[in-house]
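Here is the structure we will look at.
Numbering of ligands and ligand atoms starts at 1, following listing order.
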Amino acid sequence: MATKRNILLIYTGGTIGMIKDYDTNALRAFNFSQILDNIPELNQLDCDIESVSFDEPIDSSNMNTHYYVKIVEVIEENYKKFDGFVILTGSDTMSYTSSAISFMLENLQKPVVFTGSQLPIGYLRTDAKENLITSIEIASAYNNGKPIISEVCLYFEYKLYRANRTTKLSAEQFEAFASMNYPPLAESGVHLHFNENLLLKSKQESLIVRKDLVTDIAILKLFPGISKNVVESILNIPNLKGIVMETYGAGNAPTEDWFIDLLSDTVKKGVHIVNVTQCSGGSVIMGHYETSTRLKEIGVIGGSDITTESAIAKLMYLLGAGLNKEEFVKYYQESLRGEISN
Ligand code: ASP
């Protein structure tokens, strides 16, 4: 007889557990037990489910690194006891949060699945039930005593993605997320089909939970006409440690001297600048066009096909790891959790 798996459900907030406040007409976070009451089908699943909830559930717009630490601590404390973890958060910042958690859990050997929904669980047309039920099935999917998934994933609307490859694309469609540079890890149809060759292999080492994240970072998004004043102000933010610079196409940026000189001075000061593309899909290839050659020469780090969400998470994580400059550049460009193709 198959072993019954133990799953821990961690509820942080988000639409999935919200109700309408009829005084204001706005959706607000509600009590977690309400969620379980709304899905009696959960009792039919062949696993034991326990749950913990943030005392005050949040809209994911209020997510921050203190909450990231709270989430990994719940996993750390319960790691031995449970076979899989399902984390419910709001979808708005789910790609940022799940990317960060993927870096914070080193040598993960159990499934961690993020999910949520576009409509609250109490609504007739809700997408919450399917998302939650299938996420629990994925978190409890084991083969020969080993979990099929041993990484941080995001499940939404019939697809399981590597979390640190995702981006929220739609505030309207049930299919809210995309993973433009990495195929889905699993698809749910009549059967739950895992693309096993795409999954991260679990390392046989103990879990290390990394909690030091540095938040003195910024995103510099380029646009035609961006002024020297704006670029200069961002690059001179006091105590700045790192920047994700969103460039055009394959990593291209203006070649004007004032722009390159400002970036070059910033790199010389020890601030890490990572080049990611504004395009939803594809990769930065510095040196491919003349408009990125100088970026490479002055020491801007090529972010390859990493998403902005994951680039931010990786910056916070590696800045907290106490690396020297060479190590930082090396690790940033390497795949640590499958977040980047090299
Ligand atoms: N505003 C909500 C949140 O991110 C949206 C959602 O849950 O999908 O918390």
Side-chain angles (χ1 to χ4, degrees), residues 9-39 42 51-72 74 85-102 112-136 138-139 152-179 184 188 215 219 280 307-310 312-313 316:
L9 213 54
I10 305 170
Y11 176 60
T12 72
T15 298
I16 192 163
M18 289 186 181
I19 52 158
K20 191 169 248 177
D21 182 330
Y22 286 98
D23 291 337
T24 62
N25 234 4
L27 287 171
R28 64 172 167 79
F30 194 53
N31 179 324
F32 185 63
S33 57
Q34 183 82 8
I35 296 188
L36 300 179
D37 293 347
N38 270 286
I39 323 190
L42 288 178
S51 61
V52 290
S53 166
F54 276 12
D55 294 337
E56 286 188 24
I58 55 165
D59 185 292
S60 77
S61 308
N62 285 318
M63 189 52 84
N64 59 40
T65 53
H66 300 292
Y67 289 123
Y68 293 175
V69 171
K70 235 172 132 169
I71 294 171
V72 293
V74 174
F85 301 85
V86 173
I87 307 179
L88 302 175
T89 72
S91 63
D92 287 350
T93 60
M94 196 184 287
S95 293
Y96 289 93
T97 304
S98 56
S99 296
I101 303 297
S102 78
V112 173
V113 185
F114 277 78
T115 195
S117 65
Q118 294 279 54
L119 283 177
I121 205 142
Y123 281 33
L124 215 48
R125 292 176 50 252
T126 188
D127 52 331
K129 287 191 186 187
E130 199 285 319
N131 287 348
L132 180 54
I133 289 169
T134 308
S135 295
I136 294 172
I138 290 168
V152 179
C153 308
L154 186 156
Y155 182 80
F156 232 86
E157 192 64 5
Y158 305 111
K159 291 205 179 81
L160 180 76
Y161 303 107
R162 176 165 301 148
N164 57 34
R165 291 290 196 158
T166 62
T167 302
K168 184 170 179 183
L169 279 193
S170 176
E172 166 65 26
Q173 310 284 329
F174 284 152
E175 191 168 0
F177 290 89
S179 165
S188 164
T215 55
I219 296 177
S280 321
T307 60
T308 296
E309 293 87 335
S310 204
I312 283 287
M316 289 177 170

Which protein N or O atoms sit under 3.5 Å from any N or O of ligand 1? Give each pair with its distance.
unit_1   : atom_1 : unit_2 : atom_2 : d
ligand 1 : 1 (N)  : D59    : OD1    : 3.3
ligand 1 : 1 (N)  : D59    : OD2    : 2.9
ligand 1 : 1 (N)  : D92    : OD2    : 2.9
ligand 1 : 4 (O)  : S60    : OG     : 2.5
ligand 1 : 4 (O)  : S91    : N      : 3.4
ligand 1 : 4 (O)  : D92    : N      : 3.0
ligand 1 : 4 (O)  : D92    : OD2    : 3.4
ligand 1 : 7 (O)  : T15    : N      : 2.8
ligand 1 : 7 (O)  : T15    : OG1    : 2.9
ligand 1 : 7 (O)  : S91    : N      : 3.2
ligand 1 : 8 (O)  : T15    : OG1    : 3.4
ligand 1 : 8 (O)  : S91    : N      : 3.1
ligand 1 : 8 (O)  : S91    : OG     : 2.4
ligand 1 : 8 (O)  : S117   : O      : 3.2
ligand 1 : 9 (O)  : D59    : OD1    : 3.2
ligand 1 : 9 (O)  : S60    : N      : 2.7
ligand 1 : 9 (O)  : S60    : OG     : 3.4

Query raised in the report: Looking at the rings of Y161 and F156, which for Trp means the six-membered one, are their centres under 6.0 Å apart?
Result: no

Query raised in the report: Cationic tip of K70 within the cone over F54's six-membered ring, i.e. under 6.0 Å and within 45° of the normal?
Result: yes

Query raised in the report: Is there side-chain contact between I101 and I71, with heavy atoms separated by less than 4.5 Å?
Result: yes

Query raised in the report: Among all residues two or more places apart in sequence or in another chain, which pass the salt bridge (Lys or Arg N to Asp or Glu O under 4.0 Å) test with D92?
Result: K168

Requested in this report: Keeping the roles fixed (side chain from T166, backbone from A163), state whether a donor-acceptor pair exists under 3.5 Å.
Outcome: yes

Query raised in the report: When you measure from the side chain of T115 to the backbone N and O of S135, does any donor-acceptor pair fall under 3.5 Å?
Result: no

